[in-house]
K.L.:
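Sharing a structure here in structure tokens format.
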2 protein chains.
Amino acid sequence: MDAEVAVRDNRLSIRWGDGHRSAFHAMWLRDHCPCPACRHPATGQRLLETAGLPDDLRLVSARVASAAVEAVWSDGHAAALDPAWLRHHCYCEADRAAERPRRRFWRAEGRPGLPEAQHADIVADADALREWLAAIDVYGLAVLHGVPVVPGEVTRVAELFGYVRETNYGRLFDVRSVVNPTNLAYTGLGLSCHTDNPYRDPAPTLQLLHCLSSSATGGDSVLVDGFEVAERLRATEPGKFDLLARVPVPFRFQDGDADLRTEQPVITLDVRGAVVAIRLNNRSKAPLRLESDLVEPWYAAYLTFARMLESSAYQLGFKLGPGDLFIVDNLRVLHGRTAFSGAGQRHLQGCYADMDGLRSKLAVLERGRADVIGRLFERMRRYGAGAYLGEKVSITDHMRQAAHAAESDGAPPALIAAALLHDVAYVVHQSAGDPALDDGHPEIGARFLAAHFVPAVSEPVRLHVAAKRYLCAVEPGYRSALSPASIRTLAVQGGPYDEAEARAFAAAPFAHDAVRLRRYDDAAKVVGADIPDLEHYRPLLEGLLIERSVP
Amino acid sequence: MDAEVAVRDNRLSIRWGDGHRSAFHAMWLRDHCPCPACRHPATGQRLLETAGLPDDLRLVSARVASAAVEAVWSDGHAAALDPAWLRHHCYCEADRAAERPRRRFWRAEGRPGLPEAQHADIVADADALREWLAAIDVYGLAVLHGVPVVPGEVTRVAELFGYVRETNYGRLFDVRSVVNPTNLAYTGLGLSCHTDNPYRDPAPTLQLLHCLSSSATGGDSVLVDGFEVAERLRATEPGKFDLLARVPVPFRFQDGDADLRTEQPVITLDVRGAVVAIRLNNRSKAPLRLESDLVEPWYAAYLTFARMLESSAYQLGFKLGPGDLFIVDNLRVLHGRTAFSGAGQRHLQGCYADMDGLRSKLAVLERGRADVIGRLFERMRRYGAGAYLGEKVSITDHMRQAAHAAESDGAPPALIAAALLHDVAYVVHQSAGDPALDDGHPEIGARFLAAHFVPAVSEPVRLHVAAKRYLCAVEPGYRSALSPASIRTLAVQGGPYDEAEARAFAAAPFAHDAVRLRRYDDAAKVVGADIPDLEHYRPLLEGLLIERSVP
């Protein structure tokens, strides 16, 4: 293990091989002791009763022993800690600052359209389901087409990823909009944007609406990202934002069988001040009981926010046809409909479900997908140990060296990943042929990478041999500094570019990154270099998988 | 209508007959306009789009017209507002301050026991169900005995008041504690107090556990009111309370089919600073990612709170036998179990549900019960209009006058209610016979009142004729000041007490209140007095109904 450890200020202090520093408090570390007495091996749940630890617990000693950090505490307990786990859970300021929120806010302007999928695809293909669920997690909404036009199907869609939340409306409810103005509840009037069931606590966190028939004119659905609008309000009118976040509003629904009421602010913030819920439904807002001085300011804030939500700048409009379904994060994305008129029917069925089930299913699907990295590392260890293109290092050591060079050079994560995986064709694709003769390996590797990683990883890999031909053409002395093996393969690869080819290359997207990658590649042929293990790169690679970049 | 109205500072200003003052802002009032164009008559839901109102909306005029307040706004809208509705929704500081929270916190010390009921009773009797649900709302827990020992019965109990929340554990889950130490998950180890599923968002707000078999030694259940303990922490160690309320803690559960995680503080506060949720489960606490300076203080706070929760001062212990079931508010009351050993089995089945469904069912049951007041007023109007015992006022006017005298005297709410209802026997019980001859009316009235109201209402009524006999005995001149009709009935009622009877009366509970009530009774025979309408007393009576006083 390439790290130095010490006990300092009652913390385990680690200086990692790459220079990164971590410090783990004695109590934090003891609380997470992974030994079988402290944590149940099969379930991973904690057996240790944290409250039973002494207040004055101290870390007595720590040392590197083979592949682990051995720690001893003042309660007499000792444990062997996994360095990769420690590195992954480092809570230094830099690592915490690097955590990116998964959600992305949106407005109608500049949005290409709704995230959507075909019902047949998400039923049959785990990847399609994963991408659809990820869109809901990231954007708070998605559409599904080709859903069987069968009553009750909406609950079966919910069961693809979670559990129906039954309420007083049933497991599912019918929204039959018969065009019949004698019945006010089912008129063709437009409905302003709202979240469902703000009078419920906990409010349902997902709503699904499935169209069974739609022959009326009008009746378009509108959706708006309440978090985007709330953040806009926070930026432009912080006083109004603040009032909506701190004044509890009573919501109520009553009928013969139910009497639901709760008090919640229109905007709910978490302990860090991030917006985590919107509750807005003008139809079920009950009389405010508020300090007299706040009544007028609160109404001013409410009117501003409600009008912003109705602005076309934020609202996505579309029309559900038979077999279409939309799903929204009901604490985030508000929905409404435009007025409709004329003859015809409009019959939707809806149900509620919850985000926790959806996110759990998504995480399980991503866990399978994250195994891409585990399987890749496994192959790199197994098939990448052999000599490489006549160089004296193995293929995998060569790629690790290239990654280390990129990291030392301060390259961005995607370029470090490209360096680590630039010759991946030789380990993932046994049919890549004889590396000494086959110049197809950049394309094969890039194609594999493009299926799993963002383009900033795959594209420099695609161009890394082209970059060599380019540098031979434009940089005096480059060619003569190449290794003998690399000079040998240059001919097979087509030789140096001519002037036009070099110009075309330089203009291509990712050419600059490919040139940087090429230099890491060329330098990565040192025998016995002291470089990080593959596992060091796992978190970085996980951050570059495609599911983080749904459209 | 006995009130003066005016428009002042763009508000509807009302001075009620009893001197109370209300002020309703123009926008607030317009938002709650009850006319059929603004509010759907059948559903009570708002049709008015509040966001469409002009920012500078003004209240143009207001006047009393027959039984309503007529208001006109600057948008041209006019409406007739119900005075009783207005009085009920007054948001003056005094009325807001008088709102009592329904919840009561508890600790083991000084608690007589658990709220409990028989399964057969809550299935058959709406009142028994209402009382059992009210206990869960007020105390966050209750026990049920005599539940059929049938697998799946736990979900049928949940369906008595709400909806099962299905999760990855299913609609219900088995907690089979086979005494078999080779399986760590099902050992006889004690489990420290915890809330279930803190890694879920929304976490289930109710948990039910039903005992099917229990022949092991030990394995007692323990329950603790997390809100009481949190408030104690806030009072004694505010810094620690604050840390637990503002530091998000990651919780996680993983198995083959699920990967649930969320970040929530141990203590959740609402916008007013009240504790609304506890999330604590040491088994599923995941690694904190926290500013380095906060790690040690947070652990110190966590250890303190977790140890308080384990203190016998707070923990109620009991043992579930076959057919017993307990239910807890899972965001408030933590549960755990003591260790058990020996041969035998322990098989529980559990399910989750939500408080909103429970509170809705409770409100519907209380609505039926609250009709006691509506039905009472109806009978007082219908049957209490006749002459009363030879006096010149009607029975109901007499009771209204007595209540008004009590209110003017600064009597507590229960005594005002007793005054309002002291001759209730004549309106609720047609078989009370001829009031001129029948002295059983205090007992008949008290029996009716005791079924619906707290003893401070029923008991003075039971004694209000005894108080007359007492005053005739001990107060010179009292008898001669009585009305002729009252002197006539005295003989039928037994005449003045002797000395021993008077001493015994004075020592009885509520005797003092009965004497006060008697004086209001004697004074309440004025023809044409200007006194409040019955509806004036509705909120006061609602606050004295028995469901507010579950044991």
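Model, not experiment: these values are computed from the prediction. In what follows, chains carry the letters A, B, and so on, assigned in the order in which the sequence lines appear, proteins first and then strands, with residues in each chain numbered from 1.
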K.L.:
Name the option with the most non-hydrogen atom pairs under 4.5 Å to chain B; the candidates are A/Y302, A/Y91, A/F253.
P.N.:
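Top option by heavy-atom pairs under 4.5 Å: A/Y91.
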K.L.:
Measure distances from A/L48 to the heavy atoms of chain B and classify the residue's part below 4.5 Å as side chain, backbone, both or neither.
P.N.:
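Just the backbone, heavy atoms under 4.5 Å.
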K.L.:
Thinking salt bridges, do B/D259 and B/R261 make one under a 4.0 Å N-O criterion?
P.N.:
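Salt bridge present between B/D259 and B/R261.
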K.L.:
Among the options A/W28, A/Y163, A/F24, pick out the one with the most heavy-atom pairs lying under 4.5 Å from chain B.
P.N.:
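Of the options given, most contacts go to A/Y163.
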K.L.:
Which region of A/C90, side chain (C-beta onward) or backbone (N, CA, C, O), has a non-hydrogen atom less than 4.5 Å from a non-hydrogen atom of chain B, or is it both or neither?
P.N.:
backbone
K.L.:
Less than 4.5 Å to any heavy atom of chain A: does that hold for the side chain of B/A286, its backbone, both, or neither?
P.N.:
backbone
K.L.:
Examine whether an atom of A/L290 lies under 4.5 Å from a heavy atom of chain B, and if so say whether it belongs to the side chain, the backbone or both; otherwise answer neither.
P.N.:
backbone
K.L.:
Under a 4.5 Å heavy-atom cut-off, does chain B meet the side chain of A/D55, its backbone, both or neither?
P.N.:
both
K.L.:
If you count the non-hydrogen atoms of other residues, nucleotides and ligands that lie under 6.0 Å from NZ in A/K361, is the total more than 12?
P.N.:
no
K.L.:
Any idea which of A/D31, A/N282, A/V271 has the most non-hydrogen atom pairs under 4.5 angstrom with chain B?
P.N.:
A/N282
K.L.:
Work out which heavy atom in A/R307 is nearest to a heavy atom in B/L53; give both atom names and the distance.
P.N.:
NH2-O, 2.8 Å
K.L.:
Over all heavy atoms of both residues, which pair between B/N197 and B/P204 is shortest? Give the atoms and the distance, please.
P.N.:
CB-CD, 3.8 Å
K.L.:
Side chains of B/E166 and A/E166: closer than 4.5 Å at any heavy-atom pair?
P.N.:
no
K.L.:
Under 4.5 Å heavy-atom distance to chain A, tell me which part of B/A258 shows up: side chain, backbone, both or neither.
P.N.:
both
K.L.:
Picking from A/E93, A/R39, A/E310, A/E296, which has the most non-hydrogen pairs under 4.5 angstrom with chain B?
P.N.:
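It is A/E296.
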K.L.:
Non-hydrogen atoms of chain A under 4.5 Å away: do they reach the side chain of B/H194, the backbone, both or neither?
P.N.:
neither
K.L.:
Just give me the residue among A/M355, A/K285, A/E263, A/R359 that pairs up with chain B most often, heavy atom to heavy atom, under 4.5 Å.
P.N.:
A/K285
K.L.:
In terms of heavy-atom pairs under 4.5 Å with chain A, which of B/H25, B/Q264, B/Q254, B/Q45 leads?
P.N.:
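Highest number of pairs under 4.5 Å: B/H25.
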K.L.:
Tell me, side chain or backbone of A/A26 under 4.5 Å from chain B's heavy atoms, or both, or neither?
P.N.:
neither
K.L.:
Looking only at heavy atoms and a cut-off of under 4.5 Å, which of A/R171, A/H89, A/R96 has the most pairs with chain B?
P.N.:
A/R96
K.L.:
Let me know if B/T304 has heavy atoms under 4.5 Å from chain A in its side chain, its backbone, both or neither.
P.N.:
neither
K.L.:
Can you give me the closest heavy-atom contact between B/A37 and B/L47, atom names plus distance?
P.N.:
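In terms of heavy atoms, the two residues are closest at O-CB, 3.7 Å.
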K.L.:
To the nearest 0.5 angstrom, please state how far the CG atom of B/L206 sits from the CZ atom of B/R165.
P.N.:
9.5 Å
K.L.:
Can you tell me which portion of B/D255 sits under 4.5 Å from chain A's heavy atoms? Options are side chain, backbone, both or neither.
P.N.:
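Contact with chain A: backbone only.
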K.L.:
Do the side chains of A/L303 and B/M27 get nearer than 4.5 Å, heavy atoms only?
P.N.:
yes
K.L.:
Counting only heavy atoms closer than 4.5 Å, note whether A/P265 contacts chain B via side chain, backbone, both or neither.
P.N.:
side chain
K.L.:
Check whether B/T205 gets within reach of chain A through its side chain, its backbone, both or neither, counting any heavy atom under 4.5 Å.
P.N.:
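Just the side chain, heavy atoms under 4.5 Å.
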K.L.:
Between B/D95 and A/R289, is there a side-chain N and carboxylate O pair less than 4.0 Å apart?
P.N.:
no
K.L.:
Quick check: does any side chain N or O of A/D270 sit under 3.5 Å from a backbone N or O of A/R272, one acting as donor and the other as acceptor?
P.N.:
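The answer is yes, because a donor-acceptor pair under 3.5 Å joins these two groups.
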